[in-house]
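Inspection log for the structure reproduced underneath, given as structure tokens.
A note on names: the letters A, B, ... follow the listed sequences, proteins ahead of strands, and every chain is numbered from 1.
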There are 2 protein chains.
Amino acid sequence: MDKKNVTEPICAVDFAFRRIGGKYKGRILWYIFNHEVLRFGELKRYMDDITTKMLTQTLRELESDGLLHRKVYQEVPPKVEYTLTETSEKLIPFINQLREWGVAQMIKAKIPVRKH
Amino acid sequence: MDKKNVTEPICAVDFAFRRIGGKYKGRILWYIFNHEVLRFGELKRYMDDITTKMLTQTLRELESDGLLHRKVYQEVPPKVEYTLTETSEKLIPFINQLREWGVAQMIKAKIPVRKH
DNA sequence: CAGAATCCGGTTTGATACTG
DNA sequence: CAGTATCAAACCGGATTCTG
């Protein structure tokens with residue numbers, strides 16, 4: 001997930017999907033949006049199926065793409081808060097619509113829809 | 001990209017991203033939408049950076065998820081046409097929104113935006 | 001608490017050649 | 001034309017251990 005952002009995007013759809021098309025990125029943004037701010041450990045609990053390594057890695061990518069703010073509190077025990085940026089806030093309507101589409105599909109397919 | 005659709009989705013966002021979050025899926029849907037119907041070879045030319053193997057594989061996944069129609073003409077030389085389904089047509093406004101977000105980001109970052 | 005570091009298998013993706 | 005088949009490389013992602 002490094003070279004992806006180095007090679008020139010073919011088009012804008014390509015560009016966009018490189019930034020949020022990963023396995024966890026959409027959900028991370030969505031969960032943070034819903035709570036306004038989330039700490040590392042909270043986010044990990046919501047994600048439920050992610051390892052610390054992947055979460056760290058994905059958060060760093062989002063941060064370096066300007067889609068997340070990372071605020072470190074210099075205290076013990078450590079505390080780090082993640083919030084959306086102006087740029088990623090603009091993605092929320094898209095994610096939400098996609099989510100609604102997903103809900104509709106899941107109902108049709110009779111897959112239990114869990115809330116978050 | 002097989003197990004992805006076997007394990008239970010965590011939530012609707014997860015569900016949706018498994019269906020269109022791959023490296024090429026969004027673009028494939030977008031290009032087909034823009035041309036209404038595309039043949040295998042045409043699509044490959046538009047994608048520009050995909051191998052026949054990946055294109056085949058991705059098309060099959062989209063088809064089995066009910067996001068693409070695949071119409072085979074029994075003639076020589078072979079001819080196969082891909083079109084959107086009702087389900088995937090509902091996704092187009094979102095993909096377009098995402099595309100517009102991408103365009104804005106690319107302009108900001110001074111990355112040349114190519115049309116498709 | 002919020003990670004960093006390492007090891008390692010599995011999956012994804014790619015190059016190339018071939019076919020009905 | 002629309003794919004298959006095969007092999008190899010790259011990347012993803014998980015488990016575990018460790019630390020300021």
Is a salt bridge present between D49(B) and R27(B), judged by a nitrogen-to-oxygen distance below 4.0 Å?
yes
Name the nucleic acid region contacted by T56(A), choosing base, sugar-phosphate or nothing; use a 4.0 angstrom heavy-atom cut-off, strictly under.
sugar-phosphate
Checking dG3(D), dG14(C), dG14(D) against the side chain of V80(B) (C-beta onward), the nearest is dG3(D)
May I ask you to say what K44(A) touches in the nucleic acid, namely base, sugar-phosphate or nothing, with a heavy-atom cut-off under 4.0 Å?
nothing
Which nucleotide sits closest to the side chain of K53(B): dA5(D), dG13(D), dC1(C)?
dA5(D)
Are OP1 or OP2 of dC12(D) and a side-chain N or O of K23(B) less than 4.0 angstrom apart?
no
If I take atom CG in residue L55(B) and atom C1' in nucleotide dA15(C), what distance separates them, rounded to the nearest angstrom?
16 Å
Would E61(B) and R19(B) pass as an ion pair if we require N to O under 4.0 Å?
no
Side chains of L29(B) and V13(A): does their closest heavy-atom pair fall under 4.5 Å?
no
For the side chain of T52(B) and the base of dT4(D), is some donor closer than 3.5 Å to an acceptor across the two?
yes
Between R39(A) and dA2(C), is there a side-chain N or O to OP1/OP2 distance below 4.0 Å?
yes
Given dG13(D), dA2(C), dT13(C), which nucleotide is nearest the side-chain atoms of M54(A)?
dG13(D)
Any base atoms under 4.0 Å from Y24(B), or only sugar-phosphate, or nothing? Heavy atoms, all strands.
sugar-phosphate
Could you please name the option among dG14(D), dA2(D), dT6(D) that lies closest to any side-chain atom of R70(B)?
dA2(D)
Using a 4.0 Å heavy-atom cut-off, does Y73(B) contact any base of the nucleic acid, only the sugar-phosphate backbone, or nothing at all?
nothing
